[in-house]
Amino acid sequence: MATDSKSKLLLSAFEEFAKNGFWGASTRDIAAKANINISSILYYFGGKKGIYTAALKNIVDTVNTITDEQTKQYQKVLDKQDPVAARKLLKKMIEKFLSILCTEEISHNIKKVFLSEYSSPTAEFNILYDELIRPVHERMANLLRLASENKIDIKNCYFYIVPLFSHLFIFASRKDSVCSMMEWQDYDAKAQKYLLDYTAAQIDFLLDYLPTKNKTA
């Protein structure tokens, strides 16, 4: 029963944080929506900051679980030092994160809390950064370097991965604007393929058309 109450409070917290952000969220409203006494938030989480921290950790755990297969493949590709496999896996990772951000693979509230924290960080941002964003960024940068057969140095690989991340977040946070501009009703299968093909083309450009010898400024 305790676990059930804790889970209900966390679901309610996601709804409240998605709607009002951390600063505008109310623990009273979180408890009311969960139909649980407000004292339970203090008991289980230690207060508003604690339940927000739990929400961010839940995001980390959820995404890491969903991307577990890509993480396992990453280590295998690195061990084999296979440039062709590295390029393929880099595209697969982009595809998976596009799915997470732009489809219903995870709930709207989870995505909204993540995007809100990413665009307007609180003091708890390090949870997302240290446990999710930075590790993914590092894996993608290492794959890009391997796919280039080490012709792109690692610092430039880190730099080139940043816009790949950024436009995925833009696709998710500015969905209505993108759909209106492209005259799409939604991110259906055809639209998702368009977004994925665009991103894959960027990876191919980085690997095939940029100068093969890069010097960090």
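Atom set for the values below is all heavy atoms of this structure, side chains included, hydrogens, waters and symmetry mates excluded. In this chain, residues are counted from 1 in sequence order.
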Can you name the residues that form a side chain to side chain contact (heavy atoms under 4.5 Å, CB included) with [X], not counting sequence neighbours?
X: Arg145; result: Asn150, Ile154, Cys157
X: Phe205; result: Tyr209, Leu210
X: Phe169; result: Leu101, Phe114, Leu115, Tyr118, Phe165
X: Leu42; result: none

Problem - Atom pair OG1 (Thr199) and OH (Tyr194), whose distance is rounded to the nearest 0.5 Å - result: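 The distance works out to 11.0 Å.
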
Problem - Heavy-atom pair of closest approach, residues Lys96 and Ile66 - result: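 Looks like CD-CG2, 3.8 Å.
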
Exercise for the section: Compare every heavy atom of Ser5 with every heavy atom of Ile36, then report the nearest pair and how far apart it is. Expected result: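 Smallest interatomic distance, heavy atoms only, reads CD1-O, 3.4 Å.
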
Handout entry: Residues forming a side chain to side chain donor-acceptor pair (under 3.5 Å) with Tyr158, sequence neighbours excluded
Key =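 Here no residue qualifies.
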
Below 4.0 angstrom, N of the basic side chain to O of the carboxylate: do [X] and [Y] qualify?
X: Asp204; Y: Arg87; value: yes
X: Asp4; Y: Lys8; value: yes
X: Lys193; Y: Asp197; value: yes
X: Lys57; Y: Glu131; value: yes

Handout entry: ILVMFWY network linking Ile94 to Val162, side-chain heavy atoms under 4.5 angstrom
Key = no

Practice task
Examine Lys111 relative to Phe14 and say whether NZ or CZ is less than 6.0 Å from the centre of the six-membered ring and inside a 45° cone about the ring axis.
Solution key: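 That pair does not qualify as a cation-pi contact.
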
Handout entry: Side-chain donor/acceptor of Gln81 to backbone N/O of Leu78, under 3.5 Å
Key = yes

Practice task
Compute whether any side-chain donor of one residue and acceptor of the other, for Asn58 and Asp61, lie under 3.5 angstrom apart.
Solution key: no

Exercise for the section: Using the test ring-ring contact (aromatic ring centres under 6.0 Å, His included), find all partners of His167 that sit at least two apart in sequence or belong to another chain. Expected result: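 His167 satisfies ring-ring contact (aromatic ring centres under 6.0 Å, His included) with Phe171, Tyr198 only.
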
Handout entry: Pair Leu195-Gln192, side chain to side chain contact (heavy atoms under 4.5 Å, CB included): steps then yes or no
Key = CA-CA 5 Å; Leu195 299 178; Gln192 290 172 40; 5.5 Å; no

Exercise for the section: Would you check, one step at a time, whether the test side chain to side chain contact (heavy atoms under 4.5 Å, CB included) holds for Ser26 with Glu16? Expected result: CA-CA 7 Å; Ser26 161; Glu16 180 68 10; 4.2 Å; yes

